[in-house]
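Side chains included, hydrogens not; waters and symmetry mates left out as well; all remaining heavy atoms used. Proteins come first, then strands; the chains are lettered A, B, ... in the order of their sequence lines, and each starts at number 1.
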There are 2 protein chains.
Amino acid sequence: MNDVAALAGVSLATVSRVINGNAAVRPDLARRVESAVEALGYRRDLTASTLRRSDRASASIGLIIEDVANPFFSTVHRGVEEVARARQVLTFAASSDEEPERERELAEALAARGVDGLVIVPCSRDQGYLLRDRQNGLQLVFVDRPPRFLDADAVVSDSAGGARAAVEHLVAAGHRRIAFLGDRPAVFTAAERRRGYREALAAASIEVDEGLERVGLVDGDAARAAALELLAAPAPPTALFTGQNLITIGALHALRERGLQHTVALVGFDDIVLADVVEPGITVVAQDPRALGHQAAELLFSRLDGNAGDSRLVVVPTTLIARGSGEIPPARESAPRARRRR
Amino acid sequence: MNDVAALAGVSLATVSRVINGNAAVRPDLARRVESAVEALGYRRDLTASTLRRSDRASASIGLIIEDVANPFFSTVHRGVEEVARARQVLTFAASSDEEPERERELAEALAARGVDGLVIVPCSRDQGYLLRDRQNGLQLVFVDRPPRFLDADAVVSDSAGGARAAVEHLVAAGHRRIAFLGDRPAVFTAAERRRGYREALAAASIEVDEGLERVGLVDGDAARAAALELLAAPAPPTALFTGQNLITIGALHALRERGLQHTVALVGFDDIVLADVVEPGITVVAQDPRALGHQAAELLFSRLDGNAGDSRLVVVPTTLIARGSGEIPPARESAPRARRRR
DNA sequence: CTGAAAGCGCTTACAG
DNA sequence: CTGAAAGCGCTTACAG
């Protein structure tokens, strides 16, 4: 910038004014500055600008999700990016891999890099560690799961409601032995989906059978193994309700391996690619991950714009999409051994 | 930092030395600084640090891909992130949406934010605009496609080789009317895959029939429409070779709609989720997007570490995975009208 | 080993 | 409208 000022024969302040376009500058001087910029190939250093300017805005935000390569979260990412893009804001994206320690390291590393705000899928037990950064002006919005021990905005799917809808759908098809395959109960969405599952069973006067619940499934392989075990049990479920995309995929593999994909019903939480091409089509409770990202980013920017109202919790509805797998009726019980009186 | 120095009763310089841990400081002073940091909840401003330090390293890089939500690119992203993470480097990620103007805007916006390097999936005709930034010390590595009009490192898949393998596989199954469905020819990988397709046809003495080539397919819908058109033609192809993941998915939808998934063979470039659950399983030429990301990031960091050798082009091999769809033999020609003499 | 001082590249009151 | 000067939060020669 010094070089530009020297070449244009003006002061540093004038160069800054021309580049920022926020103060009136005599047209001829402005032109001289512009041609000096051109001639020297000058690029403004935005970080230095941020450091000095009064609002300290860096035009960058951070996004912490479970895994940038998980289709659900990468679509949330896309949603955030689209809103940020409209404001010329760039996004740091990072994967916490569901590790609390890593979430915290990432949040602090992002704060240290001067981002204006953070959109976080929280996985730690307590986000209180962010208080300090918020006092330094960092804005926070949580997505997919609400924060804990911190009062902040959040955007989540209606997990319990979606799960109830899934189970009601299976009950309506005649099922009573419905298994639940879920992620670790410490994950908010996994807990909520199990809650919805149990509520729907209760509403249908079906007793909860903990033997039909498999939780702590962290990936597709774990889900496949759990599903194989359930299907091989003496009194196997006639339907599966799977708590998220990777679990659904794992369960599909298990069903295929046992040749049961046309026999055992399946409803998955999260829509997945090719769900309509597989046979039977996979009935899902679809979330709208892009909308989650959009709304989270909108909330963040409204805070950055100065909106200081109470924290908000936005709940995005889910949609049940029937494609076949969820409409399979219960198989005749194959010589069911009486495991429970009733 | 001033507050910390004041509370600890030391100079700014000493605080800086303790925090950076790169110079010896008397243990008692160090302890005083540490407790002051703790008491005040001090967080270092890394951007100010970057501005002043001699190497100007920001410990952040930028990644420009076609779409953060495309499974292929999001896995490349993951690969880059994993390598960056090991070095405590954070990654800005952004989608160019295959728009040259946007690629350029993003690259400049990232450079303005002081990133140490850029990993780019180039889509513009000419990356010469980056020369200026590179002279300012920005390191550049290209991934998925080589740069144009700029000498720089690149990591790409063996597109032509993979395409040849795909077509040879179909030829071996007896096919001679093999369609190619590809992205815009301006996209390097799309052009390379068509080249491989044509080379394999030539090697099998099959004349290229341009009526069997559909290019410029920018998404799944376009691919579906193109496939439907091909399948409805008077002399339809007996096999399809699809040039990337979204096109494969579009073609699958078309085959399903016509009930031809067990009749017309299909080999897709890129592996996709559930490819092994669909019936028939989808034969693909798998890339290794994570490895692409890993290698690109490794190359970038080696440059940042001072490696100044000649530009390198790393070619990552592809793997044909036979799952069923690619092994379907040609259907008896259904009253083929003679369209061409021969 | 420690501190006073200069300065990274920029913006912004403050005079003029 | 313009420029000289201070200063954002840091690091780093330079003396001591």
Side-chain angles (χ1 to χ4, degrees), chain A residues 1-34 36-37 40-60 108-109 111-116 132-133 135-138, chain B residues 1-34 36-37 40-60 108-109 111-116 133 136-138:
Chain A
M1 198 172 219
N2 271 308
D3 299 343
V4 173
L7 181 61
V10 298
S11 73
L12 258 185
T14 299
V15 175
S16 175
R17 290 186 188 110
V18 171
I19 286 172
N20 287 293
N22 51 7
V25 172
R26 231 168 56 211
D28 57 321
L29 289 193
R31 263 194 301 280
R32 262 156 53 197
V33 169
E34 279 153 13
V37 163
L40 296 169
Y42 168 76
R43 305 276 214 219
R44 170 158 72 145
D45 182 330
L46 212 64
T47 61
S49 162
T50 298
L51 184 62
R52 191 59 185 82
R53 73 189 321 143
S54 44
D55 62 3
R56 314 231 48 191
S58 68
S60 63
E108 291 179 352
R113 279 163 183 75
V115 297
D116 302 325
R132 188 177 286 185
D133 299 287
Q135 276 154 9
N136 291 339
L138 187 71
Chain B
M1 198 173 219
N2 270 308
D3 300 342
V4 173
L7 181 60
V10 298
S11 74
L12 258 186
T14 298
V15 175
S16 175
R17 290 186 187 109
V18 172
I19 286 171
N20 288 292
N22 51 5
V25 172
R26 231 167 58 212
D28 58 320
L29 288 194
R31 263 194 301 279
R32 260 156 56 196
V33 169
E34 278 153 14
V37 163
L40 296 169
Y42 168 76
R43 306 275 213 218
R44 171 158 71 145
D45 182 332
L46 212 64
T47 61
S49 163
T50 298
L51 184 62
R52 191 61 185 80
R53 73 190 321 143
S54 44
D55 61 4
R56 313 231 47 190
S58 67
S60 63
E108 291 178 352
R113 280 164 184 75
V115 296
D116 302 326
D133 298 288
N136 290 339
L138 187 72

**Prompt:** Hey, is the main chain of Asn22(B) close enough, under 3.5 Å, to the side chain of Asn20(B) for a donor-acceptor pair?
**Reply:** no
**Message:** So if I define the base as every atom that isn't primed, P, OP1 or OP2, how would nucleotides 6-16 of chain C read as a B/S/- string at a heavy-atom cutoff under 4.0 Å?
**Reply:** BBBBBBBB---
**Prompt:** So, the side chain of Arg32(A) versus the backbone of Ala8(A): is there a donor-acceptor pair under 3.5 Å, distance only?
**Reply:** yes
**Request:** Could you tell me whether the side chain of Leu7(A) reaches within less than 4.5 Å of the side chain of Leu40(A), counting heavy atoms only?
**Result:** yes
**Message:** Using OP1 and OP2 only, check whether a side-chain N or O of Ser11(A) sits under 4.0 Å from dT2(D).
**Reply:** no
**Request:** If dC14(D) has a Watson-Crick or G-U wobble mate with both distances under 3.5 Å, name it; if not, just say none.
**Result:** dG3(C)
**Message:** Could you check whether any side-chain heavy atom of Ser60(A) comes within less than 4.5 Å of a side-chain heavy atom of Arg113(B), counting everything from C-beta outward?
**Reply:** yes
**Asked** Which of these passes side chain to side chain contact (heavy atoms under 4.5 Å, CB included) with Val18(A): Val37(A), Val25(A), Leu29(A)?
**Response** Val25(A)
